[in-house]
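Accompanying notes for the structure given below.
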2 protein chains.
Amino acid sequence: MAIRPAEQLIHKAAWLYYAHGLRQDQVASQLNISRASVAMYLRKARETGIVNISTSTQLFTDDVLARKLEDALSLDAVWIAPENDHIADPSTEIAVLAASVFLELVKKGDRIGVAWGRTVYMIADVMSYADLQDVTVVQLCGNLGAPYSYRPDQCTMEIARRLNAKGLNFYAPLVLSTEELARALRAEPVIREQLSGVGECDLALYSVGAVDADSHLVKCGALTPSEMADLRSQGAAGVIAGQIIDAEGKVLDCSYNRRVISAELASLRAIARRLVVVQEDSKFEPLLAAIAGGLCTHLVVGAHMAQRLLDHAAATTEKAS
Amino acid sequence: MAIRPAEQLIHKAAWLYYAHGLRQDQVASQLNISRASVAMYLRKARETGIVNISTSTQLFTDDVLARKLEDALSLDAVWIAPENDHIADPSTEIAVLAASVFLELVKKGDRIGVAWGRTVYMIADVMSYADLQDVTVVQLCGNLGAPYSYRPDQCTMEIARRLNAKGLNFYAPLVLSTEELARALRAEPVIREQLSGVGECDLALYSVGAVDADSHLVKCGALTPSEMADLRSQGAAGVIAGQIIDAEGKVLDCSYNRRVISAELASLRAIARRLVVVQEDSKFEPLLAAIAGGLCTHLVVGAHMAQRLLDHAAATTEKAS
DNA sequence: TGCCCAGTTTGACTTTTGTCGAGAGCCGTG
DNA sequence: CACGGCTCTCGACAAAAGTCAAACTGGGCA
């Protein structure tokens, strides 16, 4: 298969069409191929990230509400997806926005940490292709053997594929049965290296999980519903990168957390840009916990959630004064 | 004039069309306007940089020749515009390529130094619009009062306009009649501040001028043809940001240079990324001088010039060994 | 108030682009 | 060497996007 010349042709066609502004038939005659082929090449060029079409996400930060939230929660940037209008599906809208924001935040040479969850996978799924060079996508937490399509390694790989980047997977279970085994595994050079490399990331992408029976941790069998309920009564407020955090965003002191293989929260906080995306309104408390714990610098949420966050912040400062 | 809502609409239309992949008629019915308006909004969105369409310039660096040149001249990156094919106009091709490369090198928050010349203006002219935030474009050298459209301030302003960036102009003449006056003007706070700010740039864009009667310096009246010939016999090899350099890329010790108001070469060398673009084959010696003087880290040239550079480099190392 | 201007918006028309099935070239294989 | 299976390519048609003159809007001004 002549893959090289094809790639070359795609590139040339894309260059003539997009950079020089020629019409498809002009490109076709330049390259001595049919116009139909040109159309096909251009589609491939878009699909492989040889050409990049991106729209500014300014609109969603320009919102007054977004500005207020940035101030109130001292975040670096907030994007708010509208929900009021006759938008077909607000959670898709959030994912599409998050994907654009993510691509805007990525720079060449970056090292990107990616966690796991339905939200992250949805973002990967709608993310457009790009041709970043020297980008590495690293997996932030161990795997779950569940048959879900949004396993940690899949999220990492899919995003790496879209960006044409190197994916650094990490094949350890997310949760082990004993604390001892987890300790031993964490001490393994392969694992330790990966985990300590997390702090060197330039950008992180994750969502936050709820502490209830619907949580992935329960669905994937890492915890039983009753264990989850127990954790909740012990102060669990949310899940970040597979770890349970309390309302202050600190790792909850519990057996489960000690059995988890994942990036430490301190490492996450060492990452300059931490993009948190939340789709479900029900994740209000978990998100508050993540923000309290300084695990979020950039936030993408729906309008409704944004309003709740702002109301909460206002109420808190009022009480304090 | 309702400029805000219009901008908002353009943004929304662009978002629905490019990010969500809706068709124009679907966008039109979502926004309750006619499809024709949508088409118009989308054009505006492209023109103002709300949407960005960029094609990877990989193809032009992937060339073996480009790699060899990078090694031979120890440059960070080289792009070579093909000239062999039935390309309409090689110099336009170089300008289009340079504009793409330039946009690829710019990052948010950058401070960009721009010099002046026909080449730089041509690049500005074909550059697509972008919506970079926090970018500042600064003028690297004083002005010439000539009626050319590619005056230093025009080059700066045009590029700033295209990027939606802040343009920092600098209203001093490029050349003064006495050395004394030049010294005095350079000591002026406004000027001194600007000149010392050059070293803080992250990216510079310039071409290199030839030392002959066709030079802009002659055409704009800064030097007479005979003065130019004199300088040439004194060792002048090229012109960078309005200053005459010798074959080693050092400022030539001459009255003219002492009368010029421009960024010092040392400041230029302090800029991390220095993009030099050369269109004319006749500028071989000036370009060699600029490279020798370390004034170039990123280079865009035509295929013919690239070959000459490589041949020259090979001959030089051969002689040396 | 009424008029005019500059900038929008629209419907109708033209041009450009996307797509699909048919056909052509190109292997490895039986 | 003929045979599927494969991808790539093309022509023709359908769909989508671009364009333009005419109608419309709303604000400034006599």
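Labels below follow one simple rule: chain letters A, B, ... track the order of the sequence lines, proteins then strands, and each chain is numbered from 1. Quick caveat: nothing in here was measured; it's all calculated off a predicted structure.
Regarding B/Glu47, its CD atom lies at a distance of 13 Å from the C1' atom of D/dG18, rounded to whole Å. Per the geometry, CG belonging to A/Leu31 stands 15 Å off C1' belonging to D/dC8, to the nearest Å. The nearest whole Å value for the distance from the CZ atom in A/Arg43 to the P atom in D/dA16 is 15 Å. Here D/dA16 presents its P atom at 18 Å from CG of A/Leu42, a figure rounded to the nearest Å.
Residues of residues 18-26 of chain B having a heavy atom closer than 4.0 Å to DNA chain D, listed by number: B/Arg23, B/Gln24.
Phosphate proximity of C/dG18 to A/Arg46: present, with a side-chain N or O under 4.0 Å from OP1 or OP2.
Applying the side-chain hydrogen bond (donor to acceptor under 3.5 Å, both in side chains) criterion to A/Glu47, with sequence neighbours excluded, gives no partner residue. Applying the side-chain hydrogen bond (donor to acceptor under 3.5 Å, both in side chains) criterion to B/Glu70, with sequence neighbours excluded, gives no partner residue. The side-chain hydrogen bond (donor to acceptor under 3.5 Å, both in side chains) search around B/Asp311 returns B/Gln307, not counting sequence neighbours. With sequence neighbours excluded, the residues that form a side-chain hydrogen bond (donor to acceptor under 3.5 Å, both in side chains) with A/Tyr18 are A/Arg46. With sequence neighbours left out, the ring pair (Phe, Tyr, Trp, His ring centres under 6.0 Å) criterion links A/Phe60 to B/Trp15. In this view, B/Asp71 satisfies the side-chain contact (heavy atoms from CB on, under 4.5 Å) rule with no residue, not counting sequence neighbours.
In the model, B/His20 has a side-chain atom that pairs as donor or acceptor with a side-chain atom of A/Glu93 under 3.5 Å.
For the salt bridge (Lys or Arg N to Asp or Glu O under 4.0 Å) condition, the pairs that include at least one residue of residues 15-34 of chain A, sequence neighbours left out, are A/Arg23-A/Asp25. For residues 110-128 of chain A, every residue pair satisfying the salt bridge (Lys or Arg N to Asp or Glu O under 4.0 Å) rule, not counting sequence neighbours, is listed here: A/Asp110-A/Arg273, A/Arg118-A/Glu280, A/Asp125-A/Arg162. Pairs of residues two or more places apart, or lying in two chains, that qualify as salt bridge (Lys or Arg N to Asp or Glu O under 4.0 Å) and include a residue from residues 96-107 of chain A are A/Glu104-B/Lys108.
Under the 30°/60° scheme for interplanar angles, the aromatic rings of B/His298 and B/Trp79 are found to lie parallel.
Across the helix from C/dT1-D/dA30 to C/dG30-D/dC1, the helix axis at one end is tilted relative to the axis at the other end by 10° (nearest 10 degrees, each axis from five pairs).
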Mark up nucleotides 9-14 of chain C, 5' to 3', with B wherever a protein heavy atom is under 4.0 angstrom from a base atom, S wherever such an atom reaches only the sugar-phosphate, and - elsewhere. BBB---
